[in-house]
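Below: the structure, in structure tokens.
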Protein chains: 2
Amino acid sequence: MIDIATRVYNHTWKIDPIVRSVLDTDFYKLLMAQTIYRRHFHTRVTFGIINRTKSVRIADFVDEGELREQLDHVRTLSLTRGESTWLRGNMFYGKRQMFSPDFIAWLETFRFPAYHLEKRDGQYELTFEGPWIETTMWEIPALAIINELRSRAVLRSMGRFELQVLYARAMTRVWEKVERLKALGGAGVADFGTRRRHGFLWQDWCVQAMMEGLGERFLGTSNCLIALRREVEATGTNAHELPMVYAALAETDAELAQAPYRVLADWQQDYEGNLLVILPDTFGTSHFLEQAPDWVAGWTGIRIDSKDPIEGGEEALRWWRARGQDPTQKLAIFSDALDIGDIERIYRHFQGRLRMGFGWGTLLTNDFRGFAPEGRLDPISIVCKVISADGRATVKLSDNPTKAMGPSEELARYQRIFGELTAPARAVLV
Amino acid sequence: MIDIATRVYNHTWKIDPIVRSVLDTDFYKLLMAQTIYRRHFHTRVTFGIINRTKSVRIADFVDEGELREQLDHVRTLSLTRGESTWLRGNMFYGKRQMFSPDFIAWLETFRFPAYHLEKRDGQYELTFEGPWIETTMWEIPALAIINELRSRAVLRSMGRFELQVLYARAMTRVWEKVERLKALGGAGVADFGTRRRHGFLWQDWCVQAMMEGLGERFLGTSNCLIALRREVEATGTNAHELPMVYAALAETDAELAQAPYRVLADWQQDYEGNLLVILPDTFGTSHFLEQAPDWVAGWTGIRIDSKDPIEGGEEALRWWRARGQDPTQKLAIFSDALDIGDIERIYRHFQGRLRMGFGWGTLLTNDFRGFAPEGRLDPISIVCKVISADGRATVKLSDNPTKAMGPSEELARYQRIFGELTAPARAVLV
């Protein structure tokens, strides 16, 4: 029996929206937004999409009209009552609310600001200019939309049955990875895959797979909406945009050198516990750790992102010991382009020497490699980065020179202050 | 939105019936039934279920009450109007109806006869005694029910999500096989998997996979109901029960020696074209071919079943040539426990030397090997065989001594007439 009402209702939608909620974003965006709300409400920045996988000419097969429709739909969204309630219910160990009433009140009035879209050389130039507190909210939905439109463009040519087999293959692949994780003793894993996901429903499926397969060892998802609906923990802390903007706003070289620590000083006023995780690699990890004040070593953990994970973990271990900390009480979160083999390798290497968490992103929620001809469903390395703050270019050095960004004179100045980019460049898969 | 009516309706079923239609059976049962209807309407036989995989103690985990409910449900079935229409529409090349009006009229009044069920030593003794024309109809539904109840007993303990992944794995496996078939040039394949299927819906899925993957090279399904619903060809010809009963009814040794050819003489009065396929192995292929009248060599093809397929095909080639036939115009149908590797091997061996068709059964519709602990979803070798006819034991010699059956004194007599069982025994997987 066909439910006629449902069928008719489904056909009244003008589009099939990719992002349907303000909370369909990463938790760290909201944590960072609160910090921005409190301290940089009037700072203006520009975010821009950068497709590092130049060979994939997105604008050649993703229709501009469809892209605009999806972005315009996001601009109609506002926080719902149930979403507000969920945000208010997020607590530190049941004692203190993570989000203050004034920030939630602001978020209830928030609407996504305008975007600027142009085609250039087979790519979309998509930028967001305006108050940092507003433009920062675009990062995740913009990326999720482009990635899902790319998937949809490929899926459109497939038969109903071919589609079923496609998802059967993808499910089998994810489940095999989950079973390998199960076999891996105590490794805790979180979903960090919102931005590059194959699609919303697929990410939601992957989260359920992890819930059922890993039980308590599934640490949660970075996606707030899925965390709300599936009743799991929302995970995440902060990202490169904070030190990048703080650095760009610095008036002197001395202020610039202190900017990464200023971020942490502000952050620890707002957050505690598992949210106190250092992201040290924005301008090079080694220099950051050497110069860090001792209180930074007292934080709960560190995120190892652009550095080789074994090297990065060993460096953190040495640093904690040198600062009189017990590394076995510390948390290392690995999050750079992880696949199951990397997780196994890293876990076995550091087992017993520190606590580990794995932020598993693109290769959890978008591992469709080899499932379409010419790799047309393979994930790409696309990011949405802050480009300037109050009119000044932002800079990232990173531990991987492939990920460095900024105008060359600024790159030179930052290297004078934070040290040279000496690490070998490593290819960026996702 | 939930369709409340559908949900409530679904919950009003007392059981979830496994066999829901008289046509949920193999096409060859109907072809044979028509021949029986015309010539042996009053012959009485006994059919019995034999589980050759003794290690699987079905009665220990399939509930007797549930088994009775399923069998009782089959006894409530009768041919529907649409099913009659479909049967009437089955033609030889659009010229002559395969099924005569009187046979269809009989089938419209047909109800499944009583069964006899007992537990013994961890197995079900399930037998059907009565007119051949009625009891013959039990073979396929009885097997399908036992096989699906066995699947269900295992599936019951699995979570919703685990089930989804189970089917994702199974779909991936079938699709990989279909892709290997696609790569295999012109090999035509038919679904012969009704009796040992994992379940009805799964067989239906496999047929759709073959339709989409193989296109014209998918020759059809042996399952009448699926053929009707999916609008593909119903395939099949005849089985060992015909020569076994004809042989048991023979009054003298001379009649016994002729029985296998009497079957074919009757058959070719009823059928033509692709339905003229010899099944030579009931009492040993070599003797059958040597003794066959020349008109048998004029038939369209041969089914290679219990003999090693390469050996059996080569023997058929030599025999056709010896009888002045052009083997490249002949059809060999391979159907014994095939998996994709066997199909590839056989196809490559005979390519260009004869026309080939593959009747793919259990390892198409029930290849869940390794998907449950301790092989609890692995297919088993279970058959439903005619045991006696008008009070006389039936006998099968087969090309594979593992498949021989009958009382020892009768086996000895048949071997005197048809030759000794000399072939090496080959293990029976399915």
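Since this is a predicted model, take the numbers as computed values, not measurements. Below, read A as the first sequence line, B as the second, and so on, with proteins coming before strands; counting in each chain starts at 1.
With rounding to the nearest 0.5 Å, the separation of CE in B:M171 from CE in A:M171 is 8.5 Å. The CZ atom of B:R7 sits 14.0 Å away from atom CG of A:D3, with the distance rounded to the nearest 0.5 Å.
A donor-acceptor contact closer than 3.5 angstrom is absent between the side chains of B:W175 and A:E162.
Neither the backbone nor the side chain of B:A170 comes within less than 4.5 Å of any heavy atom of chain A. With a threshold of 4.5 angstrom between heavy atoms, B:E212 approaches chain A through side-chain atoms but not through N, CA, C or O.
Per-residue counts of heavy-atom pairs under 4.5 Å with chain B were compared for A:R173, A:M211, A:R160, A:E179; the largest is that of A:E179. Of the residues considered (B:F161, B:Y9, B:Y167, B:W205), B:F161 shows the highest number of contacts with chain A, using heavy-atom pairs under 4.5 Å.
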